[in-house]
Visitor: 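To start, I am sharing the structure in question, which I have written as structure tokens.
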Amino acid sequence: MNSNVKVRFAPSPTGYLHIGGARTALFNWLFARHNKGVFLLRIEDTDQQRSTEDATQAILDSMKWLGLDWDEGPYFQSQRLPTYKQHAERLVAEGKAFYDTDAEGRKAIRFQMQDGVTEINDLIHGIITFDTSLIEDFVILKADGFPTYNFACVVDDAGMGISHVIRGDDHISNTPKQIALYKAFGFAVPEFAHIPMILGEDGSRLSKRHGATSVTEYRDKGYLPHALVNFLALLGWSPGNDQEFISIQEMIEKFTLKRANKTSAQFNNTKLDWMNGQYVKNTPVERLTPDVKKFFEKSGIDLTKISEEWLFDLVSLHHERFKTFQDLLNQTRFFFADAIEYDQGAVDKFLRKEGVGELLKEVYTAVSLVNTFGKKTLEDCLRTLTEKLGVGFSKLAQPIRVAITGKSVSAGIFETMELMGREKTLKRLDYAVKNLCETSESVKF
RNA sequence: GCCCCCAUCGUCUAGUGGCCCAGGAUGCCAGGUUCUCAGCCUGGAGACAGGGGUUCAAAUCCCCUUGGGGGUACCA
């Protein structure tokens with residue numbers, strides 16, 4: 001810490017950490033690390049109705065998962081009530097605030113706005129001016145003794161020595177109120193940097209109806225934290241060239257507010273998926289496998305009889321084919337199930353065709369005679385069979401694929417058979433021959 | 001309503017007066033590789049919101065309109 005930079009991320013625990021908040025946290029963190037400053041975390045739990053401990057925990061977990069470590073805190077505003085009260089009373093004593101009772105009989109303290117013009121020199125928007133006569137006297141201390149957002153924010157930012165306030169631009173219109181408070185107290189006004197918001201895929205404000213919006217949801221769907229961080233960093237910031245993949249270290253080195261956008265960005269899941277897939281591809285299988293294991297177990301897959309080696313091979317085989325762990329699970333479920341689900345369209349197209357039953361019987365016989373059940377021997381065996389039968393290889397591959405995986409899409413057929421093992425492979429071929437290949441018509445007529 | 005912010009391909013963006021009849025990525029389309037799909041490779045379509053200025057010259061500067069977003073709470 002050799003600079004005067006001190007920033008904070010100050011979420012309110014009224015819900016999970018959503019990606020907009022995560023991006024704000026990331027920018028603050030990057031700014032602090034780049035400037036060798038301090039990054040602190042403050043929980044703004046001044047809304048007694050809506051704040052929950054679960055939400056606080058989820059926010060902390062999300063920050064950790066993303067790798068956004070903080071140097072101070074977390075501070076909780078709910079534990080600093082006396083400080084706010086004292087500050088509010090000071091303003092009353094100085095004639096800058098006053099007690100006010102509303103129609104419901106609630107007694108609060110309001111700050112008295114002065115008419116005038118307030119100018120803020122925002123680090124990313126430039127100069128913004130406000131006519132403060134348009135701002136009404138606002139409540140700073142609520143009837144329940146809790147401070148309001150604008151008040152607690154100023155008391156804390158000033159008290160904690162925050163040098164730069166980096167937050168979403170939905171706070172721009174709060175800024176003149178806060179500046180009025182800084183001035184009333186005689187506090188030094190920090191620098192402000194209002195970063196654009198992240199919008200949903202339809203361009204409207206991000207909300208639950210946009211599907212996954214919280215960091216924990218992405219974690220639970222099997223995304224890699226670095227991929228999410230990389231993706232988020234590029235939403236509203238760019239290193240200035242065409243670089244898409246940036247390591248955390250590089251982000252820290254290159255991050256400046258000067259390169260942050262003013263324009264709000266729409267969250268695009270498709271591109272996130274692509275990016276996650278790229279990160280998966282570029283992560284060694286040995287590093288991926290433990291996480292895959294955890295993910296599969298959490299998803300209810302019984303791995304007690306599965307060896308580490310086998311799982312490693314499974315990941316290897318699908319390494320370039322899956323974008324998220326959830327994706328991998330969807331693709332490989334048939335390996336684990338006893339009774340697999342068959343895609344009806346695939347069965348109709350590749351199994352319920354004349355001659356396929358006989359074909360698979362030949363496959364069964366040939367495969368059952370293979371010495372070692374490996375991809376090389378299986379390939380030799382089946383290539384030989386196609387020659388003997390005089391058919392193209394795809395005539396064989398697809399029916400086998402559907403028979404053993406239940407789907408018309410999978411990884412390489414030899415590798416899949418090898419991984420599945422002789423017993424299960426033969427069992428499924430046999431099942432298909434007996435139950436899936438004969439058309440219902442031929443049975444009836 | 002009033003106040004504030006924003007405006008380059010569908011999306012994320014590069015671009016800070018000439019290097020731009022606008023570059024990259026994603027997505028999409030076509031072809032190649034191939035046992036399917038994915039991946040990978042090659043190619044293609046695709047944008048400066050509109051109108052006024054300023055200037056020899058504007059995606060870049062100014063104004064207006066339009067559109068989007070935010071605020072206007074004893075929410076944060």
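Throughout, protein chains are lettered first and strands after them, A, B, ... in sequence-line order, and every chain is numbered starting at 1.
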Visitor: Which nucleotide in the set B/C6, B/C5, B/A76 lies at the smallest distance from any side-chain heavy atom of A/Lys262?
Guide: B/C6
Visitor: In whole Å, what separates the C1' atom of B/A76 from that of B/G70?
Guide: 14 Å
Visitor: If you check the A/Met197 side chain, which of B/C74, B/G24, B/G69 turns out closest?
Guide: B/G69
Visitor: Write down the partner of B/C9 under the Watson-Crick or G-U wobble criteria, each distance required to be under 3.5 Å.
Guide: none
Visitor: What nucleotide among B/C4, B/U36, B/C75 has an atom nearest to a side-chain atom of A/Ile172?
Guide: B/C4
Visitor: Expressed as a whole number of Å, how far does the C1' atom of B/A7 sit from that of B/C48?
Guide: 10 Å
Visitor: Both distances below 3.5 Å, Watson-Crick or wobble geometry, any strand: find the nucleotide opposite B/C2.
Guide: B/G71
Visitor: Picking from B/A14, B/A73, B/U26, which would you name as closest to the side chain of A/Glu136?
Guide: B/A73
Visitor: Measure from CH2 on A/Trp274 to P on B/G24 and round the result to the nearest Å.
Guide: 14 Å
Visitor: Should B/A47 form a Watson-Crick or G-U wobble pair with both distances under 3.5 Å, which nucleotide is its partner?
Guide: none
Visitor: Using Watson-Crick or G-U wobble geometry with both distances under 3.5 Å, which nucleotide pairs with B/U36?
Guide: none
Visitor: So does A/Lys254 have more than 12 non-hydrogen atoms from other groups sitting under 6.0 Å from NZ?
Guide: yes
Visitor: Write down the distance separating the P atoms in B/U34 and B/C28, rounded off to the nearest Å.
Guide: 23 Å
Visitor: According to the salt bridge (charged side-chain N to carboxylate O under 4.0 Å, His left out) rule, which pairs have a member within residues 224-234 of chain A, sequence neighbours left out?
Guide: none
Visitor: Look at the side chain of A/Asp102 and the base of B/C74, then say whether one donor and one acceptor between them are separated by less than 3.5 Å.
Guide: yes
Visitor: Measuring only the P atom in each nucleotide, how far is B/U8 from B/C62? A whole number of Å is fine.
Guide: 16 Å
Visitor: If only side-chain N and O atoms of A/Gln278 are considered, is one of them under 4.0 Å from the OP1 or OP2 phosphate oxygen of B/C40?
Guide: yes
Visitor: Nearest heavy atom decides the nucleotide; on that basis, is A/Ser204 or A/Leu134 closer to the 5' end of RNA chain B?
Guide: A/Leu134
Visitor: For A/Ile413, which contact category applies under a 4.0 Å heavy-atom criterion: base, sugar-phosphate, or nothing?
Guide: base
Visitor: Which heavy atom of A/Leu257 sits nearest a heavy atom of A/Ala193, and at what distance?
Guide: CD2-CB, 3.9 Å
Visitor: Looking only at the side chain of A/Glu244 (C-beta and beyond, no hydrogens), which of the listed nucleotides B/G24, B/U11, B/C35 gets closest?
Guide: B/G24
Visitor: Would you mind telling me which of B/C6, B/A14, B/C75 lies closest to the side-chain atoms of A/Arg259?
Guide: B/A14
Visitor: Between the base of B/A25 and the side chain of A/Lys271, is there any donor-acceptor pair under 3.5 Å?
Guide: yes
Visitor: Determine the contact category for A/Lys395: base if any of its heavy atoms lies under 4.0 Å from a base atom, sugar-phosphate if only primed atoms, P, OP1 or OP2 are that close, otherwise nothing.
Guide: nothing
Visitor: Roughly how far apart, to the nearest Å, are B/A25 and B/G15 at atom C1'?
Guide: 15 Å
Visitor: Establish, with yes or no, whether the OP1 or OP2 oxygen of B/U13 is under 4.0 angstrom from a side-chain nitrogen or oxygen of A/Asn261.
Guide: yes
Visitor: Examine distances only and state if a side-chain atom of A/His34 and a backbone atom of A/Glu253 form a donor-acceptor pair shorter than 3.5 Å.
Guide: yes
Visitor: What nucleic acid atoms does A/Gly412 come within less than 4.0 Å of, heavy atoms only: base, sugar-phosphate, or nothing?
Guide: base
Visitor: Tell me the partner of B/G27, counting only Watson-Crick (N1-N3 plus N6-O4 or O6-N4) or G-U wobble (N1-O2 and O6-N3) with both under 3.5 Å; none if nothing fits.
Guide: none
Visitor: Does any nucleotide pair with B/U60 by Watson-Crick or G-U wobble geometry, both distances under 3.5 Å, and what is it?
Guide: none
Visitor: Can you check whether A/Arg205 has a side-chain N or O nearer than 4.0 Å to OP1 or OP2 of B/G71?
Guide: yes
Visitor: If I compare all heavy atoms of A/Lys221 with all of A/Phe295, which pair ends up nearest, and what's the gap?
Guide: C-CE1, 3.8 Å
Visitor: With hydrogens left out and only the distance checked, is there a donor-acceptor pair under 3.5 Å joining A/Asn174's side chain and the base of B/A76?
Guide: yes
Visitor: Need one value for A/Thr46: base, sugar-phosphate or nothing, where a base atom within 4.0 Å counts as base even if backbone is also close, heavy atoms only.
Guide: sugar-phosphate
Visitor: Between A/Tyr99 and A/Lys107, is there a cation-pi geometry (under 6.0 Å to ring centre, at most 45° from the normal)?
Guide: yes
Visitor: If you measure from the Lys or Arg side-chain nitrogens to the Asp or Glu carboxylate oxygens, is any gap between A/Asp430 and A/Lys427 under 4.0 Å?
Guide: no
Visitor: If you take atom types as modelled and just measure distance, does the side chain of A/Asp242 reach the base of B/G23 with a donor-acceptor pair under 3.5 Å?
Guide: yes
Visitor: With no hydrogens and no angle check, is any side-chain donor or acceptor of A/Ser238 less than 3.5 Å from a backbone partner on A/Gly240?
Guide: yes
Visitor: For B/U60 and B/C6, measure between their P atoms and round to the nearest Å.
Guide: 15 Å
Visitor: Of all the choices, B/U13, B/G71, B/C37, which nucleotide is nearest to the side chain of A/Ala265 once you look at every atom?
Guide: B/U13
Visitor: Just to be sure I understand the rule, does A/Ala411 reach a base, reach only the sugar-phosphate, or reach nothing, if contact means heavy atoms closer than 4.0 Å?
Guide: base
Visitor: Can you see if the side chain of A/Arg321 gets near the phosphate of B/C37 - specifically, an N or O under 4.0 Å from OP1 or OP2?
Guide: no
Visitor: B/C12 and B/U54: how far apart are their P atoms, nearest whole angstrom?
Guide: 34 Å
Visitor: Return the nearest nucleotide to the side chain of A/Gln398; candidates are B/U36, B/C74, B/C12.
Guide: B/U36
Visitor: When the C1' atoms of B/G32 and B/A38 are considered, how many whole Å apart are they?
Guide: 16 Å
Visitor: Which one, B/C35, B/U72, B/G69, comes nearest to the side chain of A/Lys177?
Guide: B/U72
Visitor: Nearest of B/A7, B/C74, B/U26 to any side-chain atom of A/Lys142?
Guide: B/C74
Visitor: For A/His171, report the nucleic acid contact type (base, sugar-phosphate, nothing); a contact means any heavy atom under 4.0 Å.
Guide: base
